[in-house]
Amino acid sequence: MSFLISRVHYLFLFFCLCVAFPSVANETPLGVSGATTINVFKAKELYDRGAVFIDVRNNDEWTIGHIDGAIHLDFQKDFAKLYSSKLVNRDTPIVIYCNSSNCLRSAYAVAVSVHWGFSNVYYFREGYFAWILEDYPSIMSNMARN
């Protein structure tokens, strides 16, 4: 029964997000209600203070490179695990990111997290590409370095 309810919640939330975030030239929204939008410098500050970083990109993107210490929860496959996670409390600062401001998955993940009751959600809209441009701590595969 709880599986059915969670599917219904997902469908409802997906519908709301489609209405709230119409796609405009493939750019993500500037902000998500209930979350704080941050730039790369604020993201680094939160990183240094121990915030949990959640990467919502797919496996191929994650494998090529990701922020050091981030948790990988592919938005389309694994993100629902956050709802029942014992590793992240509802008041833990979480920073959610994707590739860049052209990646809607992070905006959707942020909105879902807020809906689930997470109270310290940060929307790192600029994403991973901005992070590596600043040469901040990241893990990169050998393929990405060639």
Side-chain angles (χ1 to χ4, degrees), residues 3 6-7 9-14 16-146:
F3 177 75
S6 66
R7 288 283 187 194
H9 279 100
Y10 264 129
L11 290 173
F12 174 75
L13 189 56
F14 180 74
C16 291
L17 289 171
C18 288
V19 172
F21 302 133
S23 77
V24 178
N26 291 331
E27 270 211 22
T28 58
L30 296 177
V32 176
S33 181
T36 304
T37 302
I38 58 172
N39 63 24
V40 68
F41 306 111
K42 181 66 176 178
K44 179 63 164 69
E45 180 183 314
L46 289 164
Y47 178 88
D48 290 340
R49 291 193 333 216
V52 174
F53 277 64
I54 300 175
D55 186 319
V56 296
R57 299 173 304 148
N58 67 38
N59 281 338
D60 291 339
E61 294 166 314
W62 166 267
T63 300
I64 290 171
H66 54 273
I67 294 173
D68 190 16
I71 296 171
H72 182 227
L73 294 174
D74 181 331
F75 183 70
Q76 295 178 354
K77 295 180 181 176
D78 303 319
F79 193 73
K81 293 176 183 176
L82 180 64
Y83 181 77
S84 59
S85 174
K86 303 282 189 240
L87 300 173
V88 182
N89 295 322
R90 293 292 192 260
D91 60 348
T92 299
I94 57 174
V95 178
I96 298 176
Y97 73 94
C98 194
N99 282 326
S100 69
S101 61
N102 290 328
C103 181
L104 280 169
R105 289 170 288 179
S106 57
Y108 291 150
V110 166
V112 169
S113 300
V114 169
H115 176 75
W116 285 341
F118 288 89
S119 59
N120 278 322
V121 181
Y122 294 91
Y123 173 36
F124 181 20
R125 183 175 181 267
E126 296 170 341
Y128 179 66
F129 294 157
W131 185 268
I132 60 173
L133 283 174
E134 293 298 328
D135 201 27
Y136 290 156
S138 61
I139 304 295
M140 298 182 91
S141 72
N142 288 335
M143 181 175 67
R145 292 183 190 145
N146 293 333

Query - Criterion side chain to side chain contact (heavy atoms under 4.5 Å, CB included) on K44 and W131, from CA distance to verdict - result: CA-CA 8 Å; K44 179 63 164 69; W131 185 268; 3.9 Å; yes
Query raised in the report: So do V56 and C98 actually touch side chain to side chain, heavy atoms under 4.5 Å?
Result: yes
Requested in this report: Using salt bridge (Lys or Arg N to Asp or Glu O under 4.0 Å) as the criterion, list what pairs up with E134, not counting sequence neighbours.
Outcome: none
Requested in this report: With side chain to side chain contact (heavy atoms under 4.5 Å, CB included) as the test, would you mind laying out the steps for S101 and R125 before giving the verdict?
Outcome: CA-CA 5 Å; S101 61; R125 183 175 181 267; 3.6 Å; yes
**Report entry** From CD (E126) to CZ (F41), nearest 0.5 Å
**Finding:** 7.5 Å
Report summary line: Smallest heavy-atom separation, V110 atom then A35 atom, equals CG1-CB, 3.4 Å
Query raised in the report: Just by modelled atom types, is the W62 backbone N or O under 3.5 Å from a matching donor or acceptor in the H66 side chain?
Result: yes
Query raised in the report: Should E61 and R105 count as an ion pair when the cut-off is N to O under 4.0 Å?
Result: yes
Report task. Establish, for the pair R90 and F118, whether the NZ or CZ atom is under 6.0 angstrom from the six-membered ring centre and no further than 45 degrees off its axis. Result -> yes
Query raised in the report: Rounded to the nearest 0.5 Å, how far apart are CG of N39 and CZ of F124?
Result: 8.0 Å
Requested in this report: Check the pair V121 / I96 against side chain to side chain contact (heavy atoms under 4.5 Å, CB included), numbers first and verdict last.
Outcome: CA-CA 8 Å; V121 181; I96 298 176; 4.2 Å; yes
Query raised in the report: Are more than 12 heavy atoms from other residues, nucleotides or ligands located less than 6.0 Å from atom CG of D91?
Result: yes
**Report entry** Y136 ring center within less than 6.0 Å of Y47 ring center
**Finding:** no
Query raised in the report: I67 versus P137: any side-chain heavy-atom pair under 4.5 Å?
Result: no
Query raised in the report: Hey, is the main chain of L30 close enough, under 3.5 Å, to the side chain of T37 for a donor-acceptor pair?
Result: yes
Query - Spatial distance of atom CD1 (I71) from atom NZ (K81) [nearest 0.5 Å] - result: 11.5 Å
Query raised in the report: Parallel, tilted or perpendicular: which describes the rings of F79 and F75, with under 30° parallel and over 60° perpendicular?
Result: tilted
Query - Inter-residue atom distance N120.CG - L46.CG, 0.5 Å rounding - result: 9.5 Å
Query raised in the report: If every non-hydrogen atom of V114 is compared with every non-hydrogen atom of S33, which pair is closest and at what distance?
Result: CG1-O, 3.8 Å
Report task. Report the distance from atom CD1 of I139 to atom OG1 of T63, rounding to the nearest 0.5 Å. Result -> 12.5 Å
**Report entry** Minimum heavy-atom distance between A107 and Y123, given as atom pair plus value
**Finding:** CB-OH, 3.6 Å
Requested in this report: Check I38, D55, I54 against Y97 for a side-chain contact (heavy atoms from CB on, under 4.5 Å) and give me the one that passes.
Outcome: D55
Query raised in the report: Atom CG of L73 and atom OG of S85: how far apart are they, to the nearest 0.5 Å?
Result: 8.0 Å
Requested in this report: Check the pair I94, V88 against side chain to side chain contact (heavy atoms under 4.5 Å, CB included), reporting the backbone distance first and the verdict last.
Outcome: CA-CA 8 Å; I94 57 174; V88 182; 3.6 Å; yes
Query raised in the report: Distance under 6.0 Å and angle within 45° of the ring axis: does R57 meet both against Y128?
Result: yes
Query raised in the report: How close do Y122 and P93 get, heavy atom to heavy atom, and via which atoms?
Result: CE1-CB, 4.1 Å
